[in-house]
There are 2 protein chains.
Amino acid sequence: MASNAVMEETLQVLKDHKLRVTPQRHIILAYLVSHHNHPTVETIRDGLSKDLPNIGASTIYNTLNTFVDHHLVVELQNGDGSTHYDYFGTPHYHAICTNCGRIVDVTYPGFSDTEKNLEKKTAEISGYMISGNHMEVYGLCPECQIKLGIKKND
Amino acid sequence: MASNAVMEETLQVLKDHKLRVTPQRHIILAYLVSHHNHPTVETIRDGLSKDLPNIGASTIYNTLNTFVDHHLVVELQNGDGSTHYDYFGTPHYHAICTNCGRIVDVTYPGFSDTEKNLEKKTAEISGYMISGNHMEVYGLCPECQIKLGIKKND
DNA sequence: TTGTTACATTGGAATGGTTCTCATCTGTTA
DNA sequence: TAACAGATGAGAACCATTCCAATGTAACAA
């Protein structure tokens, strides 16, 4: 179970988004807020086996889809066949390892400007009314660089 | 069938990447180069029904996966459940309509710098050895803005 | 507090895009 | 031209996700 602070925070988040507060939603959101492991549905189910031993897979899917619709959570594909989820409390993007699938969160000062600029340019050029974006960077994580015997020449 | 110019170009692309030149690969690549419709496997199969009436679905999947591995083609999800493919001859990114799934190519002067900067920052922060990136922007396409009766206030 | 109602949860069945298998075929290279 | 590694094709298999119908429950009002 997540800490009381997290439980209070997530309760407020659900209310702010006018989402009906069910134990399932509350606990799943708290799990996502307090874990940065980019879990799949199965990972979440395993992680909640004590808090919600009887939760249905459909509920987890429904809940996550609802969170995605409300922009609380983003979906990620790392090539392993199933979708990964990430609580999106603060703006960031992801670096994904092309060898092992490891996902890490990345941000830097000025990233928010980069993002805004991309959205602005896109709106101008395409005429789309922009609601969001998704940025990913691919490469070999440090561990896989070693594992594969690749040396960085910098 | 694509034009002779496209057929020559794609032949060279395959050879440059040391890919065995089969009629299937040649024709699929030519299709992707000469269409900017971000097709699914089924779209491609339909589009090639005259050139390759007996092609197997597995072959199209295999071929596209090979092209993706060689960075000739990128995969796109627009939420309709199947993967879309796009020939990646020149750097660009995609704007995807959250209502109808329409995908359009976007680029602008300076985009390449934005991209390089993102990759550089990511390498510094994460330690990943970067090999590529993927950027997408979401919103309502002009048509859906009208269809949904949404007025832009700018 | 209670009743009402719209919405959420569940488990199992159904779906369908993608991968797998393996026999056959074919580019490529020597 | 021979030999072989690799590509193709048809269909079966896979499996993540969605669908469905019955049941349960959060939210709101009286």
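Naming convention: chains lettered A, B, ... in sequence-line order (proteins, then strands); numbering from 1 in each chain. Because only heavy atoms are used, hydrogens play no part in the values below, and waters and symmetry mates are left out as well, while side chains stay in.
- Here OG1 of Thr107(B) is found 10.5 Å from NZ of Lys121(A). Values are rounded to the nearest 0.5 Å.
- Look at CD1 on Ile27(A): it is 14 Å from P on dT25(D), rounded to the nearest Å.
- Only at 4.0 angstrom or more do the heavy atoms of residues 94-103 of chain B sit from any atom of DNA chain D, so none qualifies.
- For Asn37(B) and His84(B), the side-chain atoms include no donor-acceptor pair closer than 3.5 Å.
- The end-to-end axis angle of the helix from dT1(C)-dA30(D) to dA30(C)-dT1(D), rounded to 10 degrees and based on five pairs per end, is 50°.
- OP1 or OP2 of dT9(C) has at least one side-chain nitrogen or oxygen of Thr22(A) nearer than 4.0 Å.
- Atom NE2 in His26(B) sits about 16 Å away from atom C1' in dA7(D), given to the nearest Å.
- Pairing each heavy atom of Ala95(A) with each of Thr122(B), the nearest pair is CB-CG2, 3.9 Å.
- Note on ring orientation: taking the six-membered ring where Trp is involved, the planes of Phe88(A) and His92(A) are tilted (angle from 30° to 60°).
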Once base and sugar-phosphate atoms are separated, protein heavy atoms under 4.0 Å mark nucleotides 9-17 of chain D, 5' to 3', with B, S and - as BBB----SB
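- Using the six-membered ring where Trp is involved, His17(B) and His70(B) have ring planes that are perpendicular, over 60° apart on the 30 and 60° scheme.
- For the pair Leu19(B) CG and dT8(D) C1', the interatomic distance rounds to 15 Å; values are reported in whole Å.
- The NE2-C1' distance, from His70(A) to dA8(C), rounds to 13 Å in whole Å.
- In this structure, Thr66(A) and Pro23(B) both approach DNA chain C, and ranking their closest nucleotides by distance from the 5' end singles out Thr66(A).
- Atom CZ in Arg20(B) sits about 5 Å away from atom C1' in dG27(C), given to the nearest Å.
- Judged purely by atom type and a 3.5 angstrom limit, Gln145(B) uses its side chain to pair as donor or acceptor with the backbone of Gly127(A).
- No donor-acceptor pair closer than 3.5 Å links the side chain of Arg25(A) to the backbone N or O of Thr63(A).
- Distance, Lys15(A) NZ to dA26(D) C1': 12 Å, rounded to whole Å.
- A side-chain N or O of Asp86(A) and one of His94(A) form a donor-acceptor pair less than 3.5 Å apart.
- Judged by distance alone with a 3.5 Å cut-off, no donor-acceptor contact links the side chain of Arg25(B) to the base of dA7(D).
- For the atom pair Gln12(A) CD and Met7(A) CE, the distance stands at 13.5 Å (nearest 0.5 Å).
- The separation between Leu14(A) atom CG and dC7(C) atom C1' is 15 Å, rounded to whole Å.
- Note: Asp80(B) CG to Cys100(B) SG = 10.5 Å, rounded to the nearest 0.5 Å.
- Not a single donor-acceptor pair under 3.5 Å links the side chain of Glu136(B) to the backbone N or O of His134(A).
- dA6(C) atom P lies 19 Å from atom NZ of Lys18(A), rounded to whole Å.
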